[in-house]
Every structure is written in structure tokens, then in C-alpha cells.
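Worksheet: one structure, shown below.
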Amino acid sequence: MNAYEEYMKQIVAPMRQELVGHGFKELTTEDAVREHMQTAEGLSLVVINSVCGCAAGLARPAAIEAVETTTAKPDHLVTVFAGQDQEATETMRGYFEDVPPSSPSMAFWKDGKLAYFIPREQIENFPKEAIVDHIQGVLEQLQGQ
């Protein structure tokens with residue numbers, strides 16, 4: 001590992017832990033992504049994590065708060081890290097072919113298909129409370145189906 005890769009690994013560690021410490025399973029390889037996406041039953045909340053300042057600094061706390069404060073909990077919480085686990089992220093994005101790459105972002109994967117997607121544009125510059133409400137509204141709608 002070169003000096004830059006080691007530096008980035010140290011920088012992103014707290015950003016990874018923020019989600020993992022709240023029950024998200026980190027998918028760091030292509031195989032891990034494929035296994036989850038092909039076998040997960042029910043609803044998965046997929047957070048495409050990112051270093052990108054203001055948007056990612058809102059996305060992680062909003063996802064955590066939304067899940068912790070709703071009764072419409074997803075069956076699975078997973079995350080990939082854009083720009084860090086590149087193969088895993090590209091594999092995940094392959095499941096959302098019609099959606100332009102966006103990070104951070106959130107995908108709602110239900111019963112083998114993309115049910116809803118929140119791109120960066122719907123995270124960045126929004127108050128955290130609005131993002132929490134958006135996520136919870138989607139969870140409530142999808143869990144009610």
C-alpha cells in the first residue's frame with residue numbers, strides 16, 4: 001500500500017465506522033455485494049458512502065437517525081464506500097443501471113429490484129431533518145406494500 005492509500009484509509013476510518021457502528025454491514029468486495037444483492041429478502045437500505053464533505057456529512061447521520069427512529073425498519077442495512085472500495089461500489093451501481101452514479105446516495109432494494117433511489121442532489125444542501133423525513137417516508141411506503 002502506498003502512502004496515499006494508507007493516508008486515505010486512516011481518513012475514512014471514522015466515516016466507515018459511523019455507519020458500521022450503527023448496524024450497517026460494510027460490503028467491501030464484488031463478491032460480498034453480489035451475495036447480498038442476490039440473496040437478501042425483504043428491504044435493504046443501501047448507503048453509498050462517500051468522503052464528499054457536506055453531502056456525506058449529512059447522509060450518514062440522516063440514514064442512522066431515520067432507521068433508529070422509525071417503526072418501518074428495513075430488513076437489511078448495507079453500505080459500500082465510493083472512491084475507496086471501487087470494485088464493490090461499481091458492482092453495487094451495476095444493480096441500479098438506470099441511475100447515474102451519485103455519492104453519497106441511498107438505494108432501497110426490495111425483493112430483488114430497485115424500489116427507490118435518493119441521489120446526492122436530494123441530500124446536499126438539505127437540512128438533516130428533511131433527509132431523515134425523506135428516508136422515513138420511503139421506508140414507510142415500501143414496508144407498507
Side-chain angles (χ1 to χ4, degrees), residues 4-30 32-37 39-145:
Y4 174 75
E5 289 170 339
E6 183 59 35
Y7 171 75
M8 287 306 296
K9 185 177 176 182
Q10 292 172 14
I11 292 293
V12 303
M15 298 172 200
R16 289 180 184 273
Q17 185 56 37
E18 188 172 1
L19 290 173
V20 172
H22 285 89
F24 283 79
K25 179 180 180 184
E26 196 168 37
L27 306 176
T28 59
T29 67
E30 295 173 70
V33 170
R34 280 192 202 97
E35 181 181 339
H36 176 80
M37 298 302 276
T39 63
E41 294 182 7
L43 178 62
S44 294
L45 171 57
V46 179
V47 174
I48 300 175
N49 202 353
S50 173
V51 175
C52 303
C54 53
L58 290 168
R60 288 186 298 270
I64 292 164
E65 183 176 327
V67 169
E68 289 181 348
T69 59
T70 187
T71 56
K73 300 203 183 297
D75 301 296
H76 308 278
L77 301 171
V78 296
T79 182
V80 295
F81 207 116
Q84 300 302 305
D85 302 319
Q86 294 177 357
E87 293 83 11
T89 303
E90 287 306 310
T91 301
M92 182 64 77
R93 286 179 172 153
Y95 286 92
F96 322 135
E97 292 176 334
D98 296 333
V99 177
S102 177
S103 58
S105 57
M106 296 175 206
F108 298 79
W109 185 257
K110 185 171 183 181
D111 299 329
K113 64 182 180 186
L114 181 63
Y116 195 87
F117 192 84
I118 300 175
R120 177 189 179 106
E121 293 78 28
Q122 294 178 13
I123 297 170
E124 191 173 35
N125 298 320
F126 284 84
K128 184 178 90 168
E129 296 75 21
I131 304 164
V132 169
D133 289 346
H134 190 175
I135 296 165
Q136 287 180 336
V138 173
L139 290 171
E140 290 165 9
Q141 180 182 3
L142 294 175
Q143 290 294 52
Q145 292 178 350

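The structure presented is a predicted model; accordingly, all values stated were derived computationally and were not measured. Just so you know, residue 1 is the first one in the sequence shown, and it goes up from there.
No side-chain donor-acceptor contact under 3.5 Å links D85 to the backbone of L27. A donor-acceptor pair is defined here as one N or O able to donate and one able to accept, closer than 3.5 Å; no such pair exists between the side chain of K128 and the backbone of P61. In terms of modelled atom types and a separation under 3.5 Å, the side chain of Q136 and the main chain of A66 share a donor-acceptor contact. Although no hydrogens or angles enter the test, the distance criterion places no donor-acceptor pair under 3.5 Å between the side chain of R93 and the main chain of P100. Checked by atom type and distance alone, the side chain of R120 never pairs as donor or acceptor with a backbone atom of S105 at under 3.5 Å. At distances below 3.5 Å, not a single donor-acceptor pair connects side-chain atoms of H76 with backbone N or O atoms of V46.
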Margin query: Using the rule given for side chain to side chain contact (heavy atoms under 4.5 Å, CB included), can you reason through K113 versus D111, listing the C-alpha separation, both sets of side-chain angles and the distance that settles it, and then say yes or no?
Written below: CA-CA 6 Å; K113 64 182 180 186; D111 299 329; 5.8 Å; no
Note to self: Determine whether Y95 and R34 satisfy the following criterion, side chain to side chain contact (heavy atoms under 4.5 Å, CB included), listing intermediate values before the conclusion.
What the structure shows: CA-CA 9 Å; Y95 286 92; R34 280 192 202 97; 3.6 Å; yes
Next item on the list: Could you walk me through whether T70 and E140 pass side chain to side chain contact (heavy atoms under 4.5 Å, CB included), step by step?
Entry: CA-CA 8 Å; T70 187; E140 290 165 9; 4.0 Å; yes
Next item on the list: Apply side chain to side chain contact (heavy atoms under 4.5 Å, CB included) to M106 and I123, showing your working.
Entry: CA-CA 9 Å; M106 296 175 206; I123 297 170; 4.3 Å; yes
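Heavy atoms of other residues, nucleotides or ligands lying less than 6.0 angstrom from CD of E5 number more than 12.
When all heavy atoms of S102 and F117 are compared, the closest pair comes out as CB-CE2, 4.4 Å. Contact between A56 and S50 at its shortest, heavy atoms only, is CB-O, 3.1 Å. Of all heavy-atom pairs spanning E121 and F126, the tightest one is O-CE1, 3.3 Å. Nearest heavy atoms, I131 versus A62: CG2-CB, 3.5 Å. Here the shortest heavy-atom pairing between A82 and I48 reads CB-CG2, 4.1 Å. For V47 against T79, the heavy-atom pair with the smallest separation is O-OG1, 2.8 Å.
Annotation: the span from E26 atom CD to L19 atom CG amounts to 8.5 Å, rounded to 0.5 Å. Interatomic distance, CD of Q17 versus NE2 of H22, reported as 9.5 Å (0.5 Å rounding). Taking CG of L45 as the start and CD1 of I118 as the end, the distance is 8.0 Å to the nearest 0.5 Å. L139 CG to F108 CZ: the interatomic distance, rounded to the nearest 0.5 Å, is 5.0 Å.
Tested against T28 for a side chain to side chain contact (heavy atoms under 4.5 Å, CB included), the candidates Q84, R16, E87 yield a single pass: R16. When each of E35, H36, E30, M37 is paired with V33, the side chain to side chain contact (heavy atoms under 4.5 Å, CB included) condition holds for M37 and for no other.
For the pair E18 and I64, the minimum side-chain heavy-atom distance is below 4.5 Å. Taking 4.5 Å as the limit, some side-chain heavy atom of W109 sits within range of a side-chain heavy atom of L114. In this structure, the side chains of F24 and R60 stay at 4.5 Å or more apart for every pair of heavy atoms.
Side chains of E6 and Q10: a donor on one and an acceptor on the other come within 3.5 Å.
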